[in-house]
Each structure stands twice: as C-alpha cells, then as structure tokens.
Amino acid sequence: MAEVVLEHVYKRFGNVTAVSDFNLHIADEEFMVFVGPSGCGKTTTLRMIAGLEEISEGTCRIGDRIVNDVPPKDRDIAMVFQNYALYPHMNVYQNMSFGLRLRHTPKPEIDKRVREAAGILQIEHLLERRPRELSGGQRQRVALGRAIVREPKVFLMDEPLSNLDAKLRVEMRASITKLHQRLGVTTVYVTHDQVEAMTMGTRIVVMKDGYIQQVDSPIHLYDRPVNKFVAGFIGSPAMNFMVGTVQDGRLKSPQFDLKPNGELAAKLAPYNGKKVYVGIRPEAIDLKGFTDIPEGDNVIRATVDVVEPLGAETHIIASVGGDQSVVARVDAHANVKPGDSVELLARLGSLHAFDMENEKNIRFS
C-alpha cells in the first residue's frame, strides 16, 4: 500500500493549462474521489498519476518514490478504464491473467490470484467466456479483477461505471466500496457524478477549470461548501440560489424576508445594503401545511411550475419572482398543481449566503 502526494502540479497542452497548482496528499488506504464537470482536469490529473500524461511542472510521489520520470508499468499501479479495455479474443481468465503473464509470474501463482479475485467479484463461472458474451456489469467486474490480481499499491479508476445503466451503477458502486474495504488499497476514483462521489469517497476533491475548489469529507462538502460552485455541484437535487439584499441582518426580496440565525447572522453585518446569493437546499424547504417547520421569518412566496411525484416524496419546482426558481422536496401527499400560489417554509439554520463578487460562502469565510 502507498500514499500518493502531488505538489504544485501543472499540466499544459501548448498555451492551454489543463491543471493548475494541484496540491493533494492521498493517505495510505484512502478512497479519494475526483469530481467535477467535463473539462475540469480530473481525468488529466489521474493520467498524470498513472504516467499516461507527462507532468509539465511539479512532482508526483507514490509511496517513498518520486515517479515523474518512471514509466507507467513500473509505478506499481493498476488502472480501470471507462471502456473496460478487455482483449476481445481472450476469455475472462486470460484477460485477468495477462498482466501477470507479461511479468513472467509463475503459473501456480497466476492461477491462485485469478481464482481468488474471481471469487471476490463472484465471476468464477465466467472464466471461460469471451467479453462479447458478458453484460456491461460483468465486463466491469472482469476489468476490476484484472486490476486486483496485480496486487498494486494504488488503484486508479477513470469513470468505471459511466457505461452502465442506473440500476447496475448502484449495484457496482456498492461492490467497489466493499472491495476497497476488503482490500484496503489506496484508490483514486474519477467521476462526473456527484452521487457516486458522495457515496463512495473517504474524501472528495471538487475541481473546476483545472483548479481544486475544495477537498473534504462528503458530509463537510455538503454542510460547509466553501463557495457557490461547490454548493451547487454537491447535493441532489442541487442547492437553490436566489438573489436577496441584506438589510439589518435579514435577507430580503419581494418574495421573501428571511432572518438567518447562528453563525450566518453574525457574518452578514459587513454586507448590510448589499445583494448576495441566498442558498438553501431543496430538503430544507417544505410546503406550508405539510411540514413540522413552524412559520415565522422563513416564508418564501412562489408559484408552482412543475410537480414531480416520486412516491416517497414530491419535488415542486416553483418560480420565485420572474427569473428565479426553487426546488422543494415536500410531502408525497401534498395536493398542489402547476399554477398554484404557495408559501414555502425554509429551515433558517440551513441558509447559506454567497458574496456576489467572489462567490465565497459568507457563512464560513
């Protein structure tokens, strides 16, 4: 096992800087997830760790060794790709053992490792099949098995579930998490899906435009986002943002007059008279008459645009003013329809406010 350390890492493609001043310490046995929108630099960073992309500036260390100039095959890593990268003319056993055969590992050791990995992944019955005879989920298990038999210091996974259907992705998410718990190998996992990131990662790196925005545990990213981008990216449905004016400790607009409490109330004093982004998550908003939230300084007046019944709950998408909307997660039996004027109640302890210029979270600045 090994830690992975990146210090002041840059990646440039000509005049384009894809990754800028990337600093990260991934602890031994940690499951670290890189998440962000397409083009943010997460896969490029993973490929630099793997040695598939050259580092333009900075250092990458795996264990006790700086690996900037070490070929990928000598870095003691195993990579799982988005497209599985299986050899179509080989059966499952041959695919899983290929890397060991290249290393001239003794045949009894190869057989032992392959069958152990197949047992862990519950694919023993597939060892004689070719990739074309497997489902997407089975192919991904084979790709994982090929990585496991290498017994590497670090697993690198590049969006390994993105080609699977929604139900299978949930199952494979749990399988990979259990696999990490069992093997304890340091893992770096890239995804654009924040739900995957939240459910799998020990810690998460949120990236945007080649820069790290925040590195933290899933719950801290959710509760204490450092800026508007992180707040909007983490959480499903995404955090709601409205524009309000700070007036004597209150957040006001024609549609709401909210009185924040706790640490946010104290932090708003320098913003008196200024506009800010008001942020609140859908699960912190409910419909008047269908909630235990007491009415007070927390009413948002809105007009229902869309009603999405989901069985256990209902999502309301409602207009707040002409050009702003919010999503509220309300009681499944709430009787509302598009066009209704409603009063939504916000949990004041869950309010966030963001500076209009730098978009930093005022509550935690």
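Salt bridge Arg347/Asp292: present, at least one basic N to carboxylate O contact under 4.0 Å. At a threshold of 4.0 Å, the pair Arg113-Glu151 counts as salt-bridged, since one of the basic side-chain nitrogens sits closer than that to a carboxylate oxygen. A salt bridge links Glu283 with Arg329: the distance from a Lys NZ or Arg NE/NH1/NH2 to an Asp or Glu carboxylate oxygen falls below 4.0 Å. Between Lys167 and Glu171 a salt bridge is recorded (basic side-chain N to carboxylate O distance below 4.0 Å).
In this structure, Ile316 is a member of the same hydrophobic cluster as Val326, with clusters built from ILVMFWY side-chain heavy atoms closer than 4.5 Å. In the hydrophobic cluster analysis, where Ile, Leu, Val, Met, Phe, Trp and Tyr join through side-chain heavy atoms closer than 4.5 angstrom, Ile204 is grouped apart from Leu24. Note on Phe233 and Ile212: separate hydrophobic clusters, where clusters join Ile, Leu, Val, Met, Phe, Trp and Tyr whose side-chain heavy atoms are under 4.5 Å apart, directly or indirectly. The hydrophobic cluster containing Phe81 does not contain Leu144, counting ILVMFWY residues as joined when their side-chain heavy atoms lie under 4.5 angstrom apart, directly or transitively.
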Inset, instruction - Begin with the C-alpha distance, continue with both residues' side-chain angles, and end with the deciding distance and a verdict on salt bridge (charged side-chain N to carboxylate O under 4.0 Å, His left out) for Lys112 and Glu116. - result: CA-CA 6 Å; Lys112 175 175 173 289; Glu116 282 182 354; 3.3 Å; yes
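For Arg12, the side chain to side chain donor-acceptor pair (under 3.5 Å) partners two or more places apart in sequence, or in a different chain, are Glu57. Residues satisfying the side chain to side chain donor-acceptor pair (under 3.5 Å) criterion with Thr191, sequence neighbours excluded, are Glu196.
The aromatic rings of Tyr87 and His89 stand perpendicular to each other, their planes meeting at an angle above 60°, with 30° marking the opposite boundary.
Remark: Lys360 is not positioned above the aromatic ring of Phe354, lacking an NZ or CZ atom under 6.0 angstrom from the ring centre and at most 45 degrees off the axis. At least one test fails for Lys288 against the ring of Phe290: distance under 6.0 Å to the centre or angle within 45° of the axis.
Between Met207 and Cys40, the closest heavy-atom pair is CE-O, 3.5 Å.
Remark: the Tyr277 side chain and the Asp355 side chain contain no N/O donor-acceptor pair separated by less than 3.5 Å. Checking Tyr189 against Asp158 by side-chain atom types alone, no donor-acceptor pair falls below 3.5 Å. Looking only at atom types and distance, the side chain of Gln247 has no donor-acceptor partner in the side chain of Asn272 under 3.5 Å away. The closest side-chain donor-acceptor pair between Gln82 and Ser162 falls under 3.5 angstrom. Side chains of Arg203 and Ser217: a donor-acceptor N/O pair is absent below 3.5 angstrom, by distance only.
With rounding to the nearest 0.5 Å, the separation of CG in Asp69 from CG in Asp74 is 12.0 Å. Considering CD1 of Ile110 and CZ of Phe98, their distance stands at 11.0 Å, rounded to 0.5 Å.
Between the side chain of Arg129 and the backbone N or O of Leu134, no donor-acceptor pair lies under 3.5 Å. Between the side chain of Asp340 and the main chain of Val336, no donor-acceptor pair closer than 3.5 Å is present. Between the side chain of Arg139 and the backbone N or O of Glu133 there is no donor-acceptor pair closer than 3.5 Å. No donor-acceptor pair under 3.5 Å is formed between the side chain of Arg141 and the backbone N or O of Ser175. One N or O on the side chain of Thr291 and one on the backbone of Ile293 form a donor-acceptor pair closer than 3.5 Å. Between the Arg61 side chain and the Gly63 main chain, a donor and an acceptor come within less than 3.5 Å of each other. Side-chain atoms of Thr187 come within 3.5 Å of backbone N or O of Val185 as a donor-acceptor pair. Between the Asn68 side chain and the Gly58 main chain, a donor and an acceptor come within less than 3.5 Å of each other. A donor-acceptor pair under 3.5 Å links the side-chain atoms of Lys42 to the main chain of Gly36, judged by distance alone. Between the side chain of Glu7 and the backbone N or O of Cys60, no donor-acceptor pair lies under 3.5 Å.
Between Leu258 and the options Ile280, Asp297, Leu351, a side-chain contact (heavy atoms from CB on, under 4.5 Å) holds for only Leu351.
With contacts defined as side-chain heavy-atom distances shorter than 4.5 Å, the pair Pro131/Val142 does not qualify.
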